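Encoded as structure tokens, the structure appears first; notes follow it.
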Amino acid sequence: MEPAARQSRLPDPARILVTGGAGFIGSAYVRDVLSRRDGTRITVLDKLTYAGNRANLARVESDGEQAARLRFVEGDIADPVVVGTLMDDVDAVVNFAAESHVDRSILEPEAFLVTGVIGVHVLLEAVRAQDAKGRHARFLQVSTDEVYGSVEQGHSKETDALAPRSPYSAAKAAGEHLARSYHVTYGTDVVVTRGSNTYGPYHHPEKLIPLFVTNAIDDGPLPLYGDGLQRRDWLFVGDHAGAIEHVLRRGVPGETYNIPGEAELANREVVERLLARLGKPWSLVRRVEDRPGHDRRYAMDGSKLHALGWRNRTSFDDGLAATVDWFVDNEAWWRAARSGDWQSYYDRQYGARLAASTEASRG
Ligand code: NAD
Ligand code: DAU
């Protein structure tokens, strides 16, 4: 017999542990929730990998009222000692922490597994230990549309089988399977979200949109993989963060919710549009060797999330304009993000590709 699901309603104001809260989407979530000024308290646990950046929380930390409700802890979700010390007095854990870049997972998969599997296990054990003490905490696992694999036709539903095809998406699938298994086995209050390709301010410059925008600002080459006809469904970061908060508050224990962007486009089309906003020419685009195992298309059905009462607010045209303009206005931020291992990663990922690149035909 399955254990009874624990209650899922968060107290108001709530105390939330946000792991990976110094990254792209996690920091947007923290900024948005704290700016409501409704008393919610947040502890951020972040390892500050190359992708984590304290500056992403600067707006909150410079506001006295919001800063008083934020605690920042540098640490690893795979470290049970650190995690254990943070669990008392927590009403919910929202787990954004992950290695998030598919190309890096192809170069070096191990960190993806440690954070995506062991890290999730450590967090779930800590939530289970709280339940055993009679202190309920809800666990939200932030997952991705990539767990469905390449979707040649139609739109993935939450009940579809998972078919991940990269070390990144395989680790993400493992993480969410583990989370649901705790719900079934121990009655842990778990919800899972599967978000689509997210873009917006503070996006690390390794990903398609910020890489191409920042390279184009410098009149550098834009390395388009293969024929550039791969399709992604673009979701503005504020909508992704808002949908996660909505599921945290209203999601049914044990359930999984797709978060589509409702803006499916071929990569070429995205590049055309960002170049138009920047006023830069297509001649910067180079056709380079494809990503191994490159998923052709992601597309999800959003009816379950709609039925829960969530609607995205930002169109792709508005979101892209705001994003491109943010990168133009925040050059110090993205130049700093291209430090540390950036150059060696860039040379490894793009050096030979760009040396062998050809002109990318238009259209
Ligand atoms: P990101 O790489 O910008 O941020 C990840 C954050 O996690 C960083 O701050 C990093 O320092 C931290 N982190 C990494 N390993 C850690 C560890 N072991 N312990 C503690 N902190 C650790 O990623 P993102 O794009 O903001 O993605 C956040 C989450 O959303 C990830 O789980 C990702 O799989 C998921 N997701 C991302 C997208 C997208 O398009 N970006 C879409 C769907 C789902
Ligand atoms: O779909 C959700 C996923 O979206 C998230 O789970 C991941 O964390 C996130 O990184 C993102 O994965 P993608 O691999 O789709 O995103 P990326 O920005 O790396 O690539 C988007 C598309 O652009 C993809 O088809 C590959 C292509 N691309 C990417 C880069 C970095 C290029 O053509 N050239 C590039 O240099």
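Ligands are counted one by one from 1 in listed order, and the atoms in each one are counted from 1 as well. Since the structure is predicted, the reported quantities are computational estimates derived from the model, not experimental observations. Below, each value reflects all heavy atoms present in this structure, side chains not excepted, and no hydrogens, waters or symmetry copies.
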What pairs meet the salt bridge (Lys or Arg N to Asp or Glu O under 4.0 Å) rule with one or both residues in residues 91-102, with sequence neighbours excluded?
->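 Matches after skipping sequence neighbours: Arg15-Asp91.
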cation_pi(Arg286, Tyr350) dist<6.0 Å, angle<=45 |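 So Arg286 doesn't make the cation-pi contact.
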Quiz item: cation-pi between Arg313 and Phe236, 6.0 Å / 45° = no
Output all residues satisfying side-chain contact (heavy atoms from CB on, under 4.5 Å) with Arg165, sequence neighbours left out; order by chain, then residue number.
-> Ser150, Asp295
Sub-4.0 Å heavy-atom environment of ligand 1, residues by chain =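 Heavy-atom contacts below 4.0 Å: Gly20, Ala22, Gly23, Phe24, Ile25, Asp46, Lys47, Leu48, Thr49, Ala51, Gly52, Gly75, Asp76, Ile77, Phe96, Ala97, Ala98, Ser100, Thr115, Val142, Ser143, Thr144, Tyr168, Lys172, Gly195, Ser196, Asn197, Thr198, His240.
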Consider only side-chain N and O atoms of Trp310 and Asp239, and report whether a donor and an acceptor are under 3.5 Å apart.
-> no
Do side-chain atoms of Arg135 reach the backbone of Ala129 as a donor and acceptor pair under 3.5 angstrom?
-> no
So which residues, sorted by chain and number, lie with a heavy atom under 4.0 Å of ligand 2?
->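 Near ligand 2, by chain and number: Ser100, His101, Val102, Asp103, Thr144, Asp145, Glu146, Tyr168, Ser196, Asn197, Glu206, Lys207, Leu208, Leu211, Phe212, Pro223, Leu224, Tyr225, Gln230, Arg232, Asn267, Arg291, His294, Tyr298, Tyr350.
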Say you draw a straight line from CZ of Arg250 to CG of Leu305; how long is it, rounded to the nearest 0.5 Å?
-> 11.0 Å
Hey, would you say the Phe327 and His203 ring centroids sit under 6.0 Å apart?
-> no
Check whether the ring centres of Tyr50 and Trp342 lie less than 6.0 Å apart, and answer yes or no.
-> no
